Amino acid sequence: MRRRTFLANTGTAGLAASAGCLGFLETQRASREPPLPEDRPSEPYFPTHVEGMEMVGTATQGRYRCALAYTFPHRFWLVRGSETERVNPRGGEKAHLMVMVWDAETGVVLPGTTPTVELTGPEGETASLSPWEMLSQPMGVHYGDNVVLGPEGRYDVTVSVPPLATRHTTSADYGSDLLEFSFAMRFEQRTLETLSYEDVPSDKEGTPGAVAPMDMAAVTSSQIPERDSFPGTVRGVQRTGGADLLVGTRASVGQFAPESGESYLVASLRTPYNRYAIPAASLTATVERDGETVYDDRLTATLDPEMGPHYGAVVPAERPFDSVTVTVETPPQLARHEGYETAFLDFQPGSF
Amino acid sequence: MLPDERGVSRRAFCKSAVAIGGASALAACLEREDAHVPAGTDDPSTLPERQHAWNESAARDDAGNVLPPRHHVLLHLNLDDSPTASGRETVESALQTLERAYEWSNEGLLFTLGYSPAYFAQVDWSPAGVDLVEPQALSDLEDPVLDTPDTILHLASDHAQVVLAADEGLRGNRDELNGESVEATLTDVFSVADRRTGFVGDGLPADHQDTGGVPDSKPVPEDAPLYMGFESNFEKSQASEDRVTIQSGPLAEGSTQHVSHIDLDLSQWYEQDDRETRVAKMFCPAHAESGAVEGTGENLGTSPQLEDCEEPMDAAREEGVVGHAQKLESVREDGEPLLLRRDFDSTDGGQAGLHFLALQRRLTDFERVREAMNAPDVTEGSAVGRRTNNGIRQYLSVTHRGNYVLPPRSKRALPTEGGDA
């Protein structure tokens, strides 16, 4: 008996013995990505191509709605500080699995949801993964990773979503339990091969811009309001680090700044073109009035049904400010798909 | 290390044998592992009152750090009946058999017998000086199975055959152990509810990469003591045995034990992250920057040398990442860490994992350290997420948690309030 089989058949009790890990034997590369454009700008750029995705389904529990989808294995970039690390698809990886979680009542994509995914394949093989929080031009914020899969067929997929930990402006109850969403995923190479593949013309790829958000009728859009429809008083929008930084104030937002003499300072960091809120950064603000600093501290990542994920703080506001300076202190640490990996890494303070 | 006919190295085979267990695994291991195992003592009074007093009798590395025994078995045991005087005698006799058979050392056998809060509830006893805390989920990302066996036996030795034989002897499957006759068996009193196994020490994780959660590129360094590739038993980041000892009450000189099981995702760790990131996430970003960690980190000596690492929040806000060790560094009392880690890796369930076994004076000490690892203040106040760039949380999934009390040796056999049934 081969040792591998031997071990697999003699797992211990209690810690559920699996039928072995998903096979690493298939080495066919499913990726068909062309080389990266040369001289990529340090801002969002048109990628080399756009691939469609197969929607497995959506499921709802209370305020949480969850979608599962997959496409071809992709290259993507992890971020640590202001450095990126390119991750290439590896042998055995057959799909790029994606999870999106949003508020079923407001439609807002929830930041920092941190799901885990467990798969059981057609032959009882199991795998689990904790996908990375990612940003892509067609899809916005989601969680994803390239996954090793076994044979074609039905996969039972369980996505576990912990309760929202991000501060929010409303009294909405996001619960305190880990929720499980179940999906039946039929994985077939043929399905992957029929997904749309749009080649971006060579004179366009690598130039500043972004491909449009995909039409995701079944799910929600993670786009946030543009300047003209942004609630409250918008002090300005500036381009920094390839992102748009909108800064404004509101007399009060939900539970924040209900007292007179205070207001809610909001910094909305978003992608240009597609208007996705960019989470997982840290920002500070300095507010000056009559030559005095009345606020000099961090802004806290906060969720609001109208403004989406943003960075905010309650600040003293007996009289109007002279100036507000907002600094992106740590670049957004979420992973990037092609077209975003050179952007949002190096920011300048903005005065509003 | 000679390869056997299947091309499996001898040390690898005996590790696998521990995972498999039973008489045939033991027989096969005995054939391959040619070890002289030192005999124990028939005078129990020569042994320490603390069951957890292992360090005096442990091996040490060149720097002087305690080296944990290489092979481990955890047995979950449930009482068949309420404790009786004769049951207590049987348990004590079974354990004394082990002590006669094997030297109290890494070369022989080190072991502890612990009791869960469920046991103490059953015997209706809340001993003073002990915080009997039920196991629970310790972060919002986990939903572990809560282990509640009455009793847990931890067997540890540098020799695979010793933990295998002790396991078999305690179940009544052997008449003798290392030349000593088996006088009594634990299974006369208990039923075995679960058996978990593992290994720690240079080379053992690299020998066991053919399991779930490890990519087939075999990325675990050949000299790593643990799957994640770094040393972790630095003397200065471990509590002393004194520090984890219960101070007062009927179980004074005992300790408490937390045992969790954690699945590891080494694909992301080794194939998506680069080495600098691994150092930043395991230690701190400053160590990644300075190149302080060579190889597995043996060059650091007896301390992870975190003096140049910033406060966790500062690192998170300036570097976008916070290190695992960096987060835990400040959780100390009188300058000393709270936990004495005796964790080991595992292939239980066909998956690369970690049995995280920690001793501490109070079970709430463990919860405090775990909260520092969650770092909710950092995740709220910086770009670091609950998993993203938050130490090694990205790669860990907790599957089981259990809490136990290790009574002092003199009270280790079915302790009750009156000491009698």
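Because the structure is a prediction, the values reported are computed rather than measured. Every chain is numbered from 1, with letters handed out A, B, ... down the list of sequences.
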Structural part of [X] lying under 4.5 Å from a heavy atom of chain B:
X	value
A/Ser160	neither
A/Thr302	neither
A/Leu283	backbone
A/Glu85	side chain
A/Pro331	backbone

- prompt: Checking B/Glu271 against chain A: side chain, backbone, both or neither under 4.5 Å from a heavy atom?
  reply: both
- prompt: What part of B/Thr388 lies closer than 4.5 angstrom to a heavy atom of chain A: side chain, backbone, both or neither?
  reply: side chain
Heavy-atom pair with the smallest gap, counting every atom of B/Gln272 and A/Leu78: O-CD1, 3.7 Å
query: For chain B, which of A/Pro115, A/Ala335, A/Ser128, A/Ala281 has the most heavy-atom pairs under 4.5 Å?
result: A/Ala281
State whether the side chain of [X] and the backbone N or O of [Y] hold a donor-acceptor pair below 3.5 Å, judged by distance alone.
X	Y	answer
B/Glu380	A/Thr300	no
B/Asn389	A/Val79	yes
B/Gln268	A/Asp145	no

- line: Those residues of residues 312-322 of chain B that come under 4.5 Å of chain A on a heavy-atom basis, listed by number, are B/Ala316, B/Arg317, B/Glu318, B/Glu319, B/Gly320, B/Val321
message: Nearest 0.5 angstrom please: B/Glu276 CD to A/Arg80 CZ, how far?
response: 5.0 Å
